[in-house]
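Below you'll find the structure, written out as structure tokens, and then a few comments.
The shown structure was predicted, so the numbers you read here are calculated from the model rather than taken from an experiment.
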Amino acid sequence: MTPTLSVVVPVYAVEQFLPACLDSLLAEPTTELEIVAVDDRSPDGSPALLDAYAERDRRVRVLHLAENAGLSGARNAGLARARGRYVWFVDADDWVPAGSVGAVLARLAETGPDVLVVNHQEVFDDGRVLPGSPPGALDRPPAPISLADRPALLRLAQSACTKVVQRRLLDRIGLRFAPGWYEDVSYSHALLLAAASIDLFDRVCYCYRQRGDVGAITKTPSRRHFEVFDQYERVFDLVDGAAPRYDRFRADLFRVMIDHYLVIVGNERRVPPDLRESFFHRMARDYRRRLPAGGYPLPGGVAGLKHRLVARDDWRAYAGLRAVYRRLGRGG
């Protein structure tokens with residue numbers, strides 16, 4: 001039987017979290033599900049754990065990669081093996097709440113969209129839980145919509161894990177995960193732009209584990225944060241190549257891009273201090289190159305001031321503003 005839903009789970013050095021992830025996905029006895037678990041040459045006990053799960057449950061299929069491929073490569077390898085009509089990417093240190101798989105399958109059967117966007121929450125080690133999407137952002141539309149009906153979707157979490165996708169859409173547009181950090185940027189935006197029908201599911205179907213260690217790139221000071229520029233280059237190359245079809249979304253995408261850059265440069269645990277000025281000037285270059293001819297929705301308050309400083313390429317003023325806010329305990 002061909003499954004309705006393939007869940008692709010890339011696995012690397014997450015032995016302590018892996019059982020919770022797999023157990024949450026396998027909790028419901030549906031035969032419409034398969035799990036394609038990709039061992040990305042994991043150095044811990046994860047490969048053996050995966051094999052044990054596959055022996056106990058025929059819905060689990062394991063792919064052991066000969067070499068480490070990184071998150072993008074592992075996701076792409078899993079996608080190549082997936083047989084389902086729909087594909088859902090789930091990270092191995094996260095999990096889905098009880099009933100989520102059944103709820104997603106029921107919604108897919110009801111509306112049959114190209115993309116189903118589900119709600120999520122962030123769960124911290126200390127027990128704190130933060131909502132993933134603003135209230136009303138995923139209110140159910142009367143019928144599946146397109147991005148033109150709700151362009152604000154571009155401002156939600158740029159995550160592959162909150163989007164369940166028709167496999168034929170991915171194949172039709174040739175969309176796969178690009179290499180490098182921030183891989184979800186070029187994947188998520190391309191997906192929403194191309195989808196003819198998008199359904200919104202305001203139910204928490206995904207839990208992001210916010211780890212206190214350095215497991216996430218958001219907690220890893222590195223020059224690799226500059227790779228975000230390559231991801232947005234891919235997004236705007238797509239928009240340019242499809243002109244004028246996606247032109248209506250340039251302003252929203254531009255705003256998202258600058259907001260994202262500001263989050264990265266303002267976080268002490270991302271761009272190293274000696275590289276922060278260089279990152280800022282690279283932001284300003286993208287601002288000048290990509291500024292839409294008709295402008296864009298500039299945010300108000302301090303956020304808008306930061307945008308204006310980027311437009312002027314005024315690193316000294318931005319650094320001064322950031323220093324003041326850090327002294328006040330308000331972040332950068």
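- Judged by distance alone, with hydrogens and angles left aside, the side-chain atoms of T162 form a donor-acceptor pair with the main-chain N or O of S159 at under 3.5 Å.
- Using a 4.5 Å cut-off on side-chain heavy atoms (C-beta onward), P10 and D91 make contact.
- For the pair C207 and V129, the minimum side-chain heavy-atom distance is 4.5 Å or more.
- Note that R282 lies in the cation-pi zone of F229, set by a 6.0 Å cut-off to the ring centre and a 45° limit from the axis.
- Rounding to the nearest 0.5 angstrom, the gap separating the CG atom in L175 from the CG atom in L169 is 7.5 Å.
- When all heavy atoms are compared, the tightest approach of R150 to P141 is NH2-CB, 4.2 Å.
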Item to check | Full working for side-chain hydrogen bond (donor to acceptor under 3.5 Å, both in side chains) between Q231 and S186 | outcome: CA-CA 5 Å; Q231 302 295 356; S186 55; 2.7 Å; yes
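- Side-chain N or O atoms of D314 include none that pairs as donor or acceptor with a backbone N or O of L309 at under 3.5 Å.
- Ring centroids of Y208 and H120 are separated by less than 6.0 Å, placing the two rings close together.
- Scanning all heavy atoms of the two residues, the minimum distance from Y296 to A251 falls at CB-O, 3.8 Å.
- Within 6.0 Å of CD on E110 lie more than 12 heavy atoms contributed by other residues, nucleotides or ligands.
- Annotation for V90 and C161: closest pair CA-SG, 4.4 Å, computed over non-hydrogen atoms.
- Here the options are L170, D184, D114, the test is side-chain contact (heavy atoms from CB on, under 4.5 Å), and the partner is L191; only L170 passes.
- Annotation: R61, atom CZ; neighbour count of heavy atoms from other residues, nucleotides and ligands within 6.0 Å is above 12.
- Taking the six-membered ring where the residue is Trp, H260 and Y182 present perpendicular rings, their angle passing 60° and hence far from 30°.
- The nearest pair of heavy atoms linking E32 to T30 is N-OG1, 3.0 Å.
- Screening L22, V36, L33, L26 for a side-chain contact (heavy atoms from CB on, under 4.5 Å) with V60, the sole residue that qualifies is L26.
- Cluster annotation: V123 and L18 are assigned to distinct hydrophobic clusters (Ile/Leu/Val/Met/Phe/Trp/Tyr, side-chain heavy-atom contacts under 4.5 Å, transitive).
- The hydrophobic clustering, which links ILVMFWY residues whose side-chain heavy atoms are closer than 4.5 Å, places W95 and F89 apart.
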Next on the checklist: Pair D51, V62 - check side-chain contact (heavy atoms from CB on, under 4.5 Å), show working.
Outcome noted: CA-CA 7 Å; D51 289 338; V62 181; 3.9 Å; yes
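- When atom types are taken as modelled, the side chain of S146 and the backbone of S197 share no donor-acceptor pair closer than 3.5 angstrom.
- Under the 4.5 Å side-chain criterion, counting only non-hydrogen atoms from C-beta, I264 is in contact with V271.
- Put simply, CG on D199 and OG1 on T111 are 3.5 Å apart, with the number rounded to the nearest 0.5 Å.
- Linking ILVMFWY side-chain heavy atoms closer than 4.5 Å, directly or via other members, places V165 and L153 in a single hydrophobic cluster.
- Inspection of the H307 and D259 side chains reveals an N or O donor paired with an N or O acceptor under 3.5 Å.
- The neighbour count for R58 CZ, taken as heavy atoms of other residues, nucleotides or ligands under 6.0 Å away, does not exceed 12.
- Shown here is R224, whose CZ atom has more than 12 heavy atoms of other residues, nucleotides or ligands within 6.0 Å.
- Figure legend: cation-pi geometry between R223 and F226, with NZ or CZ positioned under 6.0 Å from the six-membered ring centre and within 45° of its axis.
- Residues R155 and P297 approach most closely at NH2-CG, 3.5 Å, considering heavy atoms.
- Side-chain contact check for F249 versus L154: some heavy-atom pair is nearer than 4.5 Å.
- With contacts defined as side-chain heavy-atom distances shorter than 4.5 Å, the pair S100/V118 does not qualify.
- Between L253 and H189, some side-chain heavy-atom pair lies under the 4.5 Å cut-off.
- Criterion: ILVMFWY side-chain heavy atoms under 4.5 Å apart, direct or through other members. Under it, V235 and V263 are not part of a common hydrophobic cluster.
- Checked by atom type and distance alone, the side chain of R209 pairs as donor or acceptor with a backbone atom of D93 at under 3.5 Å.
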Next on the checklist: For a side-chain hydrogen bond (donor to acceptor under 3.5 Å, both in side chains) check, start with the C-alpha distance between S6 and E34, then their side-chain angles and the critical distance, and finish with the verdict.
Outcome noted: CA-CA 5 Å; S6 295; E34 73 165 0; 2.6 Å; yes
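- In R316, the CZ atom is not crowded: 12 or fewer heavy atoms of neighbouring residues, nucleotides or ligands sit closer than 6.0 Å.
- Aromatic ring centroids of Y232 and Y261 lie under 6.0 Å apart.
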Item to check | Stepwise side-chain contact (heavy atoms from CB on, under 4.5 Å) test for V310 and F280 | outcome: CA-CA 7 Å; V310 174; F280 185 89; 3.8 Å; yes
Next on the checklist: Could you walk me through whether R322 and E268 satisfy the salt bridge (Lys or Arg N to Asp or Glu O under 4.0 Å) test, starting with their C-alpha distance in whole Å, then the side-chain angles of each, then the deciding distance to 0.1 Å, before giving a yes or no?
Outcome noted: CA-CA 11 Å; R322 185 171 176 273; E268 289 284 353; 3.0 Å; yes
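- A distance-only check finds a donor-acceptor pair linking the side chain of R107 to the backbone of L200 [under 3.5 Å].
- With respect to D171 and R168, no salt bridge is recorded, no charged nitrogen being found less than 4.0 Å from a carboxylate O.
- In this structure, CG on L138 lies 6.0 Å from CG on L156, to the nearest 0.5 angstrom.
- For D40 (side chain) and S42 (main-chain N/O), no donor-acceptor pair under 3.5 Å exists by modelled atom type.
- With hydrogens and angles left out, the side-chain atoms of D313 and Y287 include no donor and acceptor closer than 3.5 Å.
- Here the closest non-hydrogen pair linking A178 and S72 is O-OG, 2.7 Å.
- For the side-chain contact (heavy atoms from CB on, under 4.5 Å) test, residues two or more places apart in sequence or in another chain that qualify with N76 are R176, F177.
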Next on the checklist: Using side-chain contact (heavy atoms from CB on, under 4.5 Å), reason through W181 and T220 one step at a time and then give a plain yes or no.
Outcome noted: CA-CA 11 Å; W181 284 10; T220 308; 4.0 Å; yes
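- The hydrophobic clustering, which links ILVMFWY residues whose side-chain heavy atoms are closer than 4.5 Å, places L71 and V14 apart.
- Scored by the salt bridge (charged side-chain N to carboxylate O under 4.0 Å, His left out) test, D240 finds R250, R290 as partners (sequence neighbours excluded).
- Put simply, the side chain of E15 gets close to the backbone of G45: a donor and an acceptor are under 3.5 Å apart.
- By the 6.0 Å and 45° rule, R128 stacks over the aromatic ring of F124.
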Item to check | side-chain contact (heavy atoms from CB on, under 4.5 Å) between V38 and R75, intermediate numbers included | outcome: CA-CA 8 Å; V38 183; R75 283 174 170 175; over 6 Å; no
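- Other residues, nucleotides and ligands contribute only 12 or fewer heavy atoms inside 6.0 Å of the CZ atom of R41.
- Formation of a donor-acceptor pair under 3.5 Å by the R83 side chain with backbone atoms of T2 is not found in this model.
- Checked by atom type and distance alone, the side chain of D202 never pairs as donor or acceptor with a backbone atom of D139 at under 3.5 Å.
- Between the side chain of K306 and the backbone N or O of V302, no donor-acceptor pair lies under 3.5 Å.
- Residues L193 and L147 meet the side-chain proximity criterion, which asks for heavy atoms closer than 4.5 Å.
- Looking at heavy atoms from C-beta onward, V11 lies in side-chain contact with L50 at the 4.5 angstrom threshold.
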